Amino acid sequence: MKEIFRITIGLTISCLVAAVIMGSVFAITDKAKKHNEHVNVQDTMLGLLGFNKDKPAPRDLRFFSIYRYTLDDSGATRLAYMVPVLDGGKEKYELVVITPAGEFVERFPLKINPEAANEGHERELALRSVLRPSTGLSFADSAILAVKGKERLAYLLPSEFPGFKTFIKVILALDPMFTVIGLEIMEHEEDPGLGAEIVQPYFKHQFRGKSFDRLRELKVIKEPLPDEYKTALEKKAPDKGGLSKADLETLRDKYRDEDIYAITGATISSNAVTSGVINAAKKFSYRLKTLEKVIAAQRLAVSF
Amino acid sequence: MSVERIMWTVVVCLLPPLILSVFVFGIQTLFITLVSVASCAATEAVTQKLLHRPITIRDGSAVVTGLLLAYVIPPAVSFWIPILGAVMSIYIAKHLLGGIGFNIFNPALIGRAFLVATFPVAMTSAWLVPIRDFSIFKYAGGGIDAVSTATPLYVLKHYGMAEVTARFGSTLKIYGDFFLGWQPGCIGETSALLLILGGLFLLYKGYITWHIPVSILFTVGLLTWVFGGDKPFTGDPILAVISGGLMLGAIFMATDYVTSPTQPTAKLIFGAGIGILTVLIRLKGGYPEGICYAILLMNPLAPALEGWFRPKRFAPPKGAVK
Amino acid sequence: MKARKKTNSELFFNGILNENPIFRLALSMCPAVGISTTVMNGVLLGTAVLFVQVFSSCTIAAIKNYIHPRIRIPTYTLTIATWVTVIDLMLAAYVPEAYKEMGIFVKLIVAFAIITMRLETFACRNPVGASFWDGIGMGLGFTFGMMALGLVRELLGMGTILGYDVLGFRPLLFFVLPAAGFFCVGLMMAIFNYMEIVYNRRKKV
Amino acid sequence: MLTVATARRNALYCVAAFFMLSLVLGCGKEYRFIKAASFKGPRGISITFAGPVDEKWAKDQANYSINEKTDPDIYLRIAAISLRPDRLSVTITLEEDINQKATHTLAIKGIVSEGRNMGSAIVDVKKFYLGYLLSILMGAMIINNFVFTKYLGLCVFFGTSQKKSTAIGMGITFTIVMVASAMMSWFLYQFVLKPFRLDFLQIVVFIGLVSLSVQAVDTILRKVNPVLFKAFGVYLVLVIANCIIIAVPLILADNEYNAIESLMLALGAGLGFLIALFLMSSVRERIELADVPPTFKGLPIAFILGGLFALSFMGFSGMSLF
Amino acid sequence: MRDFLTFPKGGIHPPEHKEISERLPIEGMPVPDEVEILLQQHFGAPCSPLIKKKDTVAEGDMIGKVTAGLGACVHASVSGAIKNIGTSSHPASIKAPSITIQTDRQAPPKVFEPVDWKNLPRDVLLARIKEAGVVGIGGAGFPTHVKLAPPPEAKVDTLLLNGAECEPYLTTDHRIMLESPGEVVEGARIILAILGITDCRIGIEANKPDAIEAVKKAASERSANGWRISVAPLEVKYPQGSEKQLIQSITGRKVPGFGLPFDVGVIVQNVGTARAVYEAVCLGKPLYEKVITVSGKGISRPANLLVKIGTRLSDIVDYLGGIRRDLAKVVMGGPMMGFAIPSLDVPVMKTTSGVLFLAEDEADTSPHGHCIRCGWCLDACPMGLSPNEIGIYVEAGRAEETSQFGLFECFECGCCAFVCPARRPLVQFIRLAKMKAKR
């Protein structure tokens, strides 16, 4: 009996100690983790917009996120957008609920710190506090708007779609006219040497400069990538076998309206990325237009 | 009767497809094959020398492996690709495991799987359009990129049957061409006719039995017919059987003594397993052709199958047999 | 045979050579096969294992007198799991890129037989200092094994070492594939065996 | 004796009940007037009604709206609608191919049958759920075999694959513990760790649960069937040192699987381990007899074999069953 | 084509080579100067000598007797003086006790008085067989008097006479059946009388039509009064003459492993044994002479010889004009089941059915390779065993584990080794495995 008591005490103490250690480490690292992740995404986005160490981003460049949720309000499906608004110079979020057909339903101001809005959990708490308890809530996607001063620079769309093996996660950058600015592959598990080549500049940069109308009709062709095009896409410095700026421009113009050249031996991955990009752009442009209509009608003071 | 005799007979049976491939894909296929055979033989000799074993190139098994390895390589690859494949086939898949008789996996196919993993692009896209005018030097001097094409199974998998007929001609023409050997594909796998003739000769000599090839071809045909089309029972079993490496695999690779079971029932199961896996990979998998991996996947089952299907004992004593 | 107390340096080299966890003890093989594609991966996972091993060894060595023998194994598990959680959280926070690369394997350190084995056979019988050196040796042995594998695979598979382009081309893509991990470990073990055979032969002569 | 039989029978009932439950869940809900809705071809959806519907109503495109469930605001454009002569079934053809992996929502307005208005309905159209379950099972078991394509559980895998009997014993024990601990972990994770944001404790909790289920299986087996315990008890300790057993709960935590799907994954992982062990052991029993180079004897050659297995399992890469 | 009887599983068709000696009548070989009679001629215990050194013995005198265990006595095959009692090289290369007799050429030939056996009771018949030291001369040399007294619970209903002689080269049984069919059938009748049954079937392979005819004629002459003695023509297939296969071919019954023929109601005797029984019972002549086939391309003059037991092979070679230069190996017994012997000093035994002098082109002496698992040996094995596995296990030094493949059911017929494309000495492997597994 005494032994059992001792064992229990011992186990409890060690569990408590372990829990304290893990808990404190978690508390310390969690912030750092989030910060790092945020910085990472930020860097990628800046990179997509063409900013890097040599060409730092302007001070007045800001990113605003729109979060889209689907609501199940006792049988009726609703879309809910968390839209950043300016309220007396302060950044806040407001929730706009619309029907699938695009008609305005209701709107709520949200009590959420814009910094904390990065956190899915925080957002959910804020949403729950304004919605009816019975409403079903599920996060759909988000879009990021890059704004410089008053001018919209770009839309950044995190998106994921099934590839050859598992999901491919990308960020697609569109300009205000929905022309592709750039594509960055964030995560994938494609085969090395085949599907994994989607991260290579010669593939992902093919999407650059495709106008929205061209993008809609974009196809994947199974022809060898012309060498000059490849050189242009890889964009090495002129002293490393790259091209001069003028040449680059001419080549870009020449191939601007080309279809996507598939990666040799990885047609499935090429197709997956292409159709994923097309879908993301198409859906986003449609939704943005709907949302903007509602915003205009409601006279929301959005920050973008 | 001797191992040498069997192996060299297999070599002879394998030669007609090679000769044909010179006329279909050009003279460089001969060169690739020679490189493959030579490097297999050389690897065998060097390995056996290093391991202080008697050198047995003369028994022809390395030559057979070399030939088969070359036969499952596309005709437009660089010549050093088969050299690497040969090292993998003979050194790793054969001699490390204890030499002939213990190579659990078919060495030539391990070589091919290794090459597909190492040179995915070359091994899956260096196909050539068949030559029809005997200009066998057409592809010899390079310029291969411009003429590379797709295999029928690739087209079928990614674009459907309609595209196959659009590219290769009417159904009847396809049957004729493919059966005779005028289809894009690996060096030695295109001609169903010559492979069948070789197989029949081996069958006549009693070196192989019908069980494995027939059960593979039957299973593939049946399953393709059932599941291969848009709707059930609309697949094309004939095309499935005469295109790709199925014939070569079924007749010359799956029947390899070491890597297949010995008893008739076990052979039928083994063949059916290969057939099912082939169709599974062809229809649902990531590759247009599945016979190579299907055989490799069934090979390790051969020891178990042999254990399960022993010959019927004359009259075993009571309790001696499980 | 008389059990002689090993010096710290002996403990240290024991883990690296004589009882190399990967090539000699054949423990903790999963990451050796799965993610030894680059030297950097090896270094990182090795460091993680080193950390867990050292801390767990020291912890157990420190509290060994208070552990009730009947809950020995649960205590080990708890200790290891705690330190694994710590390193897991830290890696996730500070080196997210590499952490992503290593995937699930950092968490799987908890199931590594090598760590439990060292606790059971060494740390619970030796003082903290010796356990520390033993843990360092084992951890470094693991790191060394992972790095050796990573070196071969990175060089042959991508033509680079530590990310720097050495060969200028990618020789054999195969070595990047996880399947090659089996071959590399097998060949490496054979090399260790061969060295042992040669060494023993020398000693006889 | 009696208790053992009863326990067995009860266990059987439990299993049967479980599968019935999964069947019911798998088949989805009953709809009042719409009997079934399913994908038909690459861009079609077919709806079956309980009674004949009005032709004029049925042919009106405005009565249908289809969207992917996750995109309720983006309607798919309908190209054509066809009604079967018996007026019991409608096929809607869309303008573009349907992403059949996603669930689609089909809303039907004011169904008119025999002059009566049957009201509106919203139907989920998705692939056969059992097929999905099966693909999880097969995926974990063969296609993404944990040993040969995910490279987990290797220490135990190489340690217990020397003899067939050991391998099978280990595999079965492992599968049982795997399923038990994975299900417990899933429940705990879904209902405790996640809601209370304690996911950083997952490693401790999961390893604890594994030890617990090993202990539980140990105790139960010892009491219920001592014979079985004698056969399998020795492997129980090894199970804890197997990374698959901790990897599966971690994977479950990363993916949004429901209970049945988690069960399938755990079962698949266990059976896949069993298959891998069986294949490896039957092959190793043969290699034991071979003249393997002395430096490769034992573990090195087992690793080479593992590599060859992994090479052949690459044939499954990119396969999706349903 | 006629329907010949055969067994269903396994079997092979090796080249027969019987044409070398099948037309040569049995020829009595002159008595050699010295004979060496082994005291262990057969299955069972060795005999103890009944005489001392320098004793003189007459032809047919018993010189060795079994004192304990299973066995049969041995007799002097020549008259003369005992030169030595020592050890000799046994044909199977084991040193065995033997008696050497210096022939006395002046001694008169032995004359035997025939008796009418029909009035003798069963015990006497058996005793005469035992006295004469008759053993099964076709195979292992099992003492015949033991074999003919099966335990009472065994219900024997058929006697099978084995005249298949399926081994290539050998023609002794063929010549015996051809030249003295009456004696063979008479021997069968004696055995039937001892067993108290009436049915006898004589299995003869179809490649000996003349023997079939001769025995048929003799059998029909002697088949009156309820005796049912008939000839069963057998398909030419090796090992048709193996006991279990013969029983299956003729009666369709299967003798279970480790069982004996009387378990399925059958007794099998070689035709030569039947003739020896006749001689022992009717003439009182002990078994000290033996017909052997001397054949192969390596001997100058092949022959079917009637030799004294104990005649050394060197004497036979001298008598037949010596060996030829391309001799590769000497085999005692048939080429399939016989064993190669290292020297010509070994004497003929009761069970010796032939001596083959094989030239280089007849004997394959090239080295063997690895098993390629073609499975041909599995198809050839009449017992349904797995010789390939046994060979591999033996080579790997794990002979003890081979009993799972039915090691002890193997009777070493050699079919597997004959078909093996890798020329693996499977029979040697199996013998080795048996030795190790017994230990």
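Residue numbers start from 1 in every chain, and the chains themselves are labelled A, B, ... in the order their sequence lines are given, proteins ahead of strands. As the structure is a computational prediction, the values presented were derived from the model and not from experiment.
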(message) Show the nearest heavy-atom pair for residues B:Ala315 and E:Val255, with the distance to one decimal.
(response) CB-O, 3.5 Å
(message) Is it the case that the side chain of E:Lys254 and the backbone of B:Phe314 share a donor-acceptor pair, with hydrogens and angles ignored and the cut-off at 3.5 Å?
(response) yes
(message) Between E:Pro8 and chain B, with a heavy-atom cut-off of 4.5 Å, which part of the residue counts as in contact: side chain, backbone, both or neither?
(response) neither
(message) I need the minimum non-hydrogen distance between B:Arg313 and E:Gln404, along with the two atoms involved.
(response) NH2-O, 2.9 Å
(message) Could you check whether atom CZ of B:Arg53 has more than 12 heavy atoms from other residues, nucleotides or ligands sitting under 6.0 Å from it?
(response) yes
(message) As an exercise, state the distance from CE of B:Met7 to CD1 of E:Ile372, rounded to the nearest 0.5 Å.
(response) 5.0 Å
(message) Can you tell me which portion of E:Cys374 sits under 4.5 Å from chain B's heavy atoms? Options are side chain, backbone, both or neither.
(response) both
(message) Applying a heavy-atom distance below 4.5 Å, give me the residues of residues 246-274 of chain B that approach chain E, sorted by number.
(response) B:Tyr257, B:Val258, B:Thr262, B:Gln263
(request) Please name the pair of heavy atoms, one in E:Ser386 and one in B:Arg310, separated by the smallest distance, quoted to 0.1 Å. (result) OG-NH1, 3.0 Å
(message) If I measure from the heavy atoms of chain B, does E:Phe7 come under 4.5 Å with its side chain, its backbone, both, or neither?
(response) neither
(request) Can you check whether anything in residues 85-106 of chain B gets within less than 4.5 Å of chain E, heavy-atom wise, and list it by number? (result) B:Gly98, B:Ile100, B:Gly101, B:Phe102
(message) Which heavy atom of E:Lys9 sits nearest to which heavy atom of B:Pro311, and what is that distance?
(response) CE-CB, 4.2 Å
(message) I'd like to know whether CZ of E:Phe262 has more than 12 heavy-atom contacts from other residues, nucleotides or ligands below 6.0 angstrom.
(response) yes
(request) Among E:Gly406, E:Cys381, E:Gly375, single out the residue with the greatest number of heavy-atom pairs under 4.5 Å to chain B. (result) E:Gly406
